[in-house]
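A short write-up of the structure that comes next.
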Amino acid sequence: MESKGLPSNHSNDNRENRVKRKEVLEKKKAMDELIKSASADKDPLSSFPSFRHFDRNGLSIYLKSGCGDKLSSSIKQYIMRLLKANMEAPYGFEWPTEEKVKRSEMVAPEARYIFVHEAPSASTSEILTMSERKRPSNNCVEDRGPMVGFVHYRFTLEEKIPVLYVYELQLEPCVQAKGLGNFLMQLIELIACKNRMSAVVLTVQKANSLAMNFYLNKLRSQGDPRGNKRS
């Protein structure tokens, strides 16, 4: 009588491994598509029109969206000037090296921006036509007033989790401590939620006491125990 061989444990293991590999690849593909879809939105502010303006505490602010590979030379210069003004002291002797890193990060195609402009007046910014709102600008100082800060963020995977990573939130001293930073972080959280990101992630230099106080106390964010700080 002919006996039939039973499946070996080795065959079962191979089958299970193939199933697991397929699941891992499918999950990775889904995460990549999620990041790609989020990054494809060139103007996230269009989904949150009420966040285009900030009119509080003596400030009249207008926000604009931008991409790292579309920055004009004047905006690049402004970004680096503000970074140096705000970050040279906390970095100390490490600043020249970090400055080169930030200059490279600034223009990456995946870099997304929220630019913060002073509005000439509340009434002027409110009556801009749609064509004016869509008109590309080449200067930091334009019809909406001078730039007074920016947020640089990206959609990426952090430990295999899709997140919105805030690389920089930089504001001029004249517009700080007036609720604008909190307003911008609320907008960032809305953008992250709309694009189904699992979290908003940022890192702060421990030596940057003002930023540490803002994120940990005023926003009550959970600190990164690894302590490698960026903004």
Side-chain angles (χ1 to χ4, degrees), residues 33-56 59-83 86 102-120 122 124-156 162-172 175 179-197 199-202 230-231:
E33 287 297 324
L34 188 63
I35 297 298
K36 182 178 179 181
S37 175
S39 300
D41 186 359
K42 304 302 183 184
D43 185 18
L45 285 166
S46 62
S47 299
F48 308 104
S50 63
F51 276 82
R52 284 195 182 274
H53 297 90
F54 177 89
D55 292 292
R56 304 174 197 169
L59 295 180
S60 183
I61 298 296
Y62 185 87
L63 305 183
K64 289 184 62 181
S65 303
C67 299
D69 56 353
K70 304 295 183 182
L71 301 180
S72 67
S73 59
S74 58
I75 289 180
K76 292 176 189 177
Q77 292 170 9
Y78 173 81
I79 288 173
M80 293 311 301
R81 282 199 302 269
L82 184 56
L83 280 169
N86 287 352
K102 290 182 181 294
R103 192 178 298 276
S104 176
E105 291 175 341
M106 172 180 64
V107 295
E110 61 270 24
R112 295 292 175 268
Y113 286 89
I114 302 295
F115 294 120
V116 182
H117 290 266
E118 281 187 338
T124 301
S125 61
E126 288 168 359
I127 63 174
L128 288 172
T129 65
M130 289 303 295
S131 61
E132 288 174 323
R133 290 175 188 267
K134 294 180 180 179
R135 185 176 63 233
S137 63
N138 295 317
N139 299 300
C140 306
V141 181
E142 50 183 48
D143 58 351
R144 294 176 184 86
M147 194 183 295
V148 291
F150 68 92
V151 183
H152 167 191
Y153 67 95
R154 304 186 191 187
F155 298 104
T156 187
V163 302
L164 187 157
Y165 201 118
V166 179
Y167 272 56
E168 307 286 350
L169 195 167
Q170 301 290 344
L171 296 174
E172 300 274 3
V175 298
L180 181 56
N182 199 350
F183 179 82
L184 291 169
M185 286 304 296
Q186 289 178 34
L187 172 60
I188 286 296
E189 290 175 0
L190 288 172
I191 294 172
C193 184
K194 174 182 178 292
N195 288 283
R196 296 184 292 156
M197 297 294 107
V200 173
V201 177
L202 56 88
R230 183 184 299 274
S231 294

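Heavy-atom basis, side chains included; hydrogens, waters and symmetry copies ignored.
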Student check: side-chain heavy atoms of Tyr113 and Leu71 closer than 4.5 Å: yes
Steps toward side-chain contact (heavy atoms from CB on, under 4.5 Å) verdict (Tyr153, Val163): CA-CA 10 Å; Tyr153 67 95; Val163 302; over 6 Å; no
Shortest non-hydrogen contact from Ala38 toward Asn195: CA-OD1, 3.3 Å
Arg81 CZ to Gln170 CD distance, which is reported to the nearest 0.5 Å: 14.0 Å
May I have the list of side-chain donor-acceptor pairs in residues 41-48 shorter than 3.5 Å, sequence neighbours left out?
from: Asp41; atom 1: OD1; to: Asp43; atom 2: N; distance (Å): 3.2
from: Asp43; atom 1: OD1; to: Leu45; atom 2: N; distance (Å): 3.4
from: Asp43; atom 1: OD1; to: Ser65; atom 2: OG; distance (Å): 2.7
from: Asp43; atom 1: OD2; to: Arg52; atom 2: NH2; distance (Å): 2.9
from: Ser46; atom 1: OG; to: Asp43; atom 2: O; distance (Å): 2.7

Step-by-step side-chain contact (heavy atoms from CB on, under 4.5 Å) determination, Ile79 to Ile75: CA-CA 6 Å; Ile79 288 173; Ile75 289 180; 3.9 Å; yes
Test item: Leu83 and Phe150 side chains (from C-beta on) under 4.5 Å apart, heavy atoms: yes
Gly145 backbone acceptor or donor facing His117 side chain under 3.5 Å: yes
Gln77: partners by side chain to side chain donor-acceptor pair (under 3.5 Å), with sequence neighbours left out: none
Which residues share a side-chain contact (heavy atoms from CB on, under 4.5 Å) with Glu189, sequence neighbours left out: Val200
Rounded distance (nearest 0.5 Å) linking atom CG of Leu171 with atom CG of Asn86: 8.0 Å
Validation row: Val116, Leu180 side chains within 4.5 angstrom (heavy atoms): yes
Leu63/Val151 under side-chain contact (heavy atoms from CB on, under 4.5 Å): CA gap, chis, key distance, verdict: CA-CA 10 Å; Leu63 305 183; Val151 183; over 6 Å; no
Whether Tyr78 side chain and Gly149 backbone form a donor-acceptor pair below 3.5 Å: yes
Pairwise side-chain contact, Met106 with His152, heavy-atom cut-off 4.5 Å (strictly under): no
Point-to-point distance, once rounded to the nearest 0.5 Å, from OG of Ser39 to CG of Leu34: 9.5 Å
